[in-house]
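Written below as structure tokens is the structure these notes are about.
Naming: A, B, ... by sequence-line order, numbering from 1 per chain. All values derive from a computational prediction rather than experimental measurement.
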Amino acid sequence: MKNILKSIFVIFVLSNLCAFNVFSSEETNKLLSNDWSFKGFTGKFDRASLQRGYQVYTEVCASCHSMKLLSYRNLAEEGGPEFSEDQVKAIASNFEVTDGPNNDGEMFTRPAKPSDNFIKPYQNVQEATVSNGGAYPPDMSVLVKARSGGADYIYSLLLGYDDSPSNIQLDDGVYYNTYMLGNKIMMPNPLSEDLIEYNDGTKATNEQMAKDVVTFLAWAAEPHLEARHRIGFKAIVYLIILTLLAYFSMKRLWSRIEPKV
Amino acid sequence: MSDHNYVPSSKLGKWFNDRLPLLSLSSHLREYPTPKNLNYWWTFGGILTFCLMAQIITGIVLAMHYVAHADLAFDSVEHIMRDVNYGWLIRYFHANGSSMFFLAVYIHIFRSLYYGSHKSPREVIWIIGMIIYFLMMMTAFMGYVLPWGQMSFWAATVITNLFSAVPFIGESITNWLWGGFAVGNPTLTRFYSLHYLFPFLILGLVILHIWALHIPGNNNPIGIDVKKPSKDTVPFHPYIVIKDLFALLIFLILFAFFVFYAPNLLGHPDNYIEANPLVTPTHIVPEWYLLPFYAILRSVPDKLLGVIAMFASIFVLVILPWLDTSKIRSAVFRPMYRQFYWILVVDVLLLGYMGAMPAEGTYLLIARVATSYYFIHFLIILPILGHKEKTIPLPLSITEPVLEDSTNKELNN
Amino acid sequence: MSDQKKPKRRDFLFTASYAIGAVGVGAAVWPLVDQMNPDNSVKALASTEVDVSSVEVGKSITVLWRGKPVFIKRRTQEEIAEARAVKLDDLKHPEKDEDRAKNPEWLVMLGVCTHLGCVPLSDKGDYNGWFCPCHGSHYDTSGRIRKGPAPKNMEIPKYEFVNDNTIKIG
């Protein structure tokens, strides 16, 4: 009886740890959700969705949002969009990077190589802030991990633009969003029906673009997710086997000295 | 240490052992008589030793890639996560390892409180343990600053600012800690140095902790002294080794679940935002294992008194062997103490929960009540209980049954 | 009868446990060792493309590849003839110039002395090639060791001309 109580106590502690992540004192709307392919113990990224998501990022978001922790070569790595090496070289060469100094002491521009980081739309945070009405468009390399609600939150935000209720006044350059903290956001709705033409012919509805770009962002934040799930499965199965072996070894050993342990 | 008469079997062994008695030490550890009625709450000492070694090893490996500079730290952690071979695994292991380390230490401490392992003659083991716990908290606090995210920076700011509460010299102390006028690069680099150092201080103290334990020997669930060796004890190897190993493996399954399937669950999303001295996060919270102290700190409206209360809550634990006046060790035979023990557990969990909430309204009220109760438990209830409580008679030994003419039945449950 | 069976079963359980445990320990140790191997960002820089269009005959440039200097020399006809004329028996490390410079006009080699790793100086030394000031090794117009303590010729890395003006090293 005591042992059961103690076990319940431990489980209570652990479930409290999980509950700590869900704290908030303001009212927030329940987030829109999507059955993300990467959620859950066996989550994987949908390659086609990642490739479309990269296209959305490049054509819609990259004019304001940097992704400085990613390199073009990441697009060819296992577990990601898995473009071919040639495709990645071609993608990279579309962008210009500054390199140098050369032997004359000057900086020069050249087409990007796979080893280069994604180019940034602005030189620095200050330029980005002043070019966007005083609000800095955050770098998106780890954005999915940097927001409570993660992928669901960003998905909801992208689809959460609405007319403001009559009791809320909006200044110029401020928009109403159902899911943004405080409901005011300085990014105008970035999506509209058929905004881009997907390379694979998929219809570019807002939901589709939001889903694809969020999948891409989730990969960008966690490029090794698939390896992590794969190795995790093997590790836990292995540990369970070893635990059973240890248990039976323990019983066998203790049976030497006790008629019942 | 003990009057061991171990003679190594080989000549080389004897030659070496005469000069440095490592083989005698090994024999002592193998033969060390351990009460055979220890339950699974006793396996956490071994689990903690594993946690310490694991954190040191993964920490040293991370240090090969991490860069301790305010401009580069965040990116260097991401470099580890993305480019370093298995970097993501080592980083998630180290970060979640910290949480697992504290989970184990809390279970270990609460085991002591229940079974009276802090009582005579084990007071020094307990005090060393409290020093280890304090160093663990400092190590974890400094380690959390290193990724240089928003929580890293602002938690560092809030906690180091506490020292400005010291009268007269507070501001000087705080600037000395910072190496500047606010948390910045000098703070980061010195925290890195100390974060690397403290685990080795902890390692030294753990050796002293185990040495001090081996003098009286382990306590046990019924809290009575045990003759060593006897039919009430078993040699540490292989009986306790295999039991500790089994418990460790179960612990590792839980650990693996966090590392591989929920690596960021125990962390805070704001720490994936680069530190910004101009923007404060909406809710600054420490990692979960520091929440009870955070709650105590914020319960007191005065800054200096809040700091004193926080440190007092640890100090009160240090002097516990003298506050708990009961002659009976184990709560198994102390029915009243047992009730107060569980209330304390709930109180500490409540403090932890309040630490995560904003310090206002009902949350603050509950935190204040819980803080007061915490001190009442240690400073008033325990001393009185030791004298007033009616306890259940103790059995003669672990294997022999209770004296036949005792009317007491509720021994085993 | 059952006593005899017991030891066998017991041993197997323990032996199996040890063996499976050892596999786990090995699997756990591997990432700790592998993390010291070159990481993805280093491996990505493993090859470099160099524009050689501005290099005139008789001149050379030095580029950084994998953290080390690479000499790219556009040799004159005399230098090529000199290199080809050397008898293999005269060489400490016999290598034909034709094997070292497939396109004879261009010599691409690691500018690292094979003795103890210093960077040799160009257009110096008794053999019209390079001279290493650290311990006095002399290299010829094909970068081969002729005099001095160095044991081998300067290394030729893997390279190719992706077009007339560009060499890809590595």
**Complete:** All heavy atoms of B:F74 vs all of A:L69, minimum pair found to be CE2-CD1, 4.4 Å
**Asked** If you measure from CD1 on A:I257 to NZ on B:K231, what distance do you get to the nearest 0.5 Å?
**Response** 13.5 Å
**Item:** Top of A:A246, A:P223, A:S71 for chain B proximity - count of heavy-atom pairs under 4.5 angstrom
**Value:** A:A246
**Among A:F41, A:Y247, A:F233, residue most engaged with chain B (heavy-atom pairs, under 4.5 Å)** = A:F41
**Sub-4.5 Å side-chain heavy-atom contact between B:I273 and A:R147** = yes
**Prompt:** How many angstroms lie between CG in A:L239 and CZ in B:F251, if you round to the nearest 0.5 Å?
**Reply:** 12.5 Å
**Message:** Would you compute the distance between atom CG of B:L89 and atom CD1 of A:I231 and round it to the nearest 0.5 angstrom?
**Reply:** 6.5 Å
**Asked** Which atoms of B:Y40 come close to chain A, meaning under 4.5 Å heavy atom to heavy atom: side chain ones, backbone ones, both, or neither?
**Response** side chain
**Message:** Using the ring pair (Phe, Tyr, Trp, His ring centres under 6.0 Å) definition, which of the options B:W88, B:F260, B:Y261 pairs with A:H229?
**Reply:** B:Y261
**Asked** With a 4.5 angstrom heavy-atom cut-off, which part of A:L225 approaches chain B: side chain, backbone, both or neither?
**Response** neither
**Message:** Which atoms of B:Y289 are under 4.5 Å from chain A, going by heavy atoms: the side chain, the backbone, both sets, or neither?
**Reply:** neither
**Item:** Segment of A:R230 engaging chain B (4.5 angstrom heavy-atom cut-off)
**Value:** neither
**Nearest atoms (heavy-atom pairs only) where B:Y272 meets A:V142** = O-CG2, 3.4 Å
**Asked** Take atom NZ in A:K39; do more than 12 heavy atoms of anything else shown fall under 6.0 Å from it?
**Response** yes
**Message:** Counting only heavy atoms not in A:E127 (residues, nucleotides, ligands), do more than 12 fall under 6.0 Å from its CD?
**Reply:** yes
**Item:** B:K36 charged N/C atom sitting above A:W254 aromatic ring, 6.0 Å / 45°
**Value:** no
**Message:** Walk me through whether B:V259 and A:R228 qualify under side chain to side chain contact (heavy atoms under 4.5 Å, CB included).
**Reply:** CA-CA 9 Å; B:V259 168; A:R228 176 160 58 82; over 6 Å; no
**Item:** B:L252 portion near chain A, given a 4.5 angstrom heavy-atom threshold
**Value:** both
**Fill in**
In this structure, CZ of A:R252 is separated from CD1 of B:I242 (nearest 0.5 Å) by 12.0 Å
**Item:** Part of B:E274 lying under 4.5 Å from any heavy atom of chain A
**Value:** side chain
**Request:** Under the side chain to side chain contact (heavy atoms under 4.5 Å, CB included) rule, what do A:E222 and B:N264 come out as? Steps first, then yes or no, please.
**Result:** CA-CA 11 Å; A:E222 287 266 30; B:N264 294 300; 3.5 Å; yes
**Prompt:** In Å, rounded to the nearest 0.5 Å, how long is the span from NE2 of B:H268 to NZ of A:K145?
**Reply:** 15.5 Å
**Fill in**
Output for pair (A:L245 CG, B:F246 CZ), nearest 0.5 Å, gives 11.5 Å
**Item:** chain A contact via B:V234 - side chain, backbone, both or neither, heavy atoms under 4.5 Å
**Value:** side chain
**Message:** Assess the residue pair B:V279 and A:Y136 against the criterion (side chain to side chain contact (heavy atoms under 4.5 Å, CB included)); give the C-alpha distance rounded to whole Å, side-chain angles, the decisive distance to 0.1 Å, and a yes or no.
**Reply:** CA-CA 12 Å; B:V279 175; A:Y136 169 64; over 6 Å; no
**Prompt:** Between B:M81 and A:H224, what is the shortest heavy-atom contact and its length?
**Reply:** O-CD2, 3.1 Å
**Message:** Check this for me: A:E85, atom CD, are more than 12 non-hydrogen atoms of other residues, nucleotides or ligands nearer than 6.0 Å?
**Reply:** no
**Request:** Could you tell me whether B:Y86 atom OH has more than 12 heavy atoms of other residues or ligands within 6.0 Å of it?
**Result:** no
**Asked** Which one of A:D139, A:N74, A:L242, A:I240 has the most heavy-atom pairs closer than 4.5 Å to chain B?
**Response** A:L242
**Request:** Would you please name every residue forming a side chain to side chain contact (heavy atoms under 4.5 Å, CB included) with A:K120, sequence neighbours left out?
**Result:** A:S66, A:K68
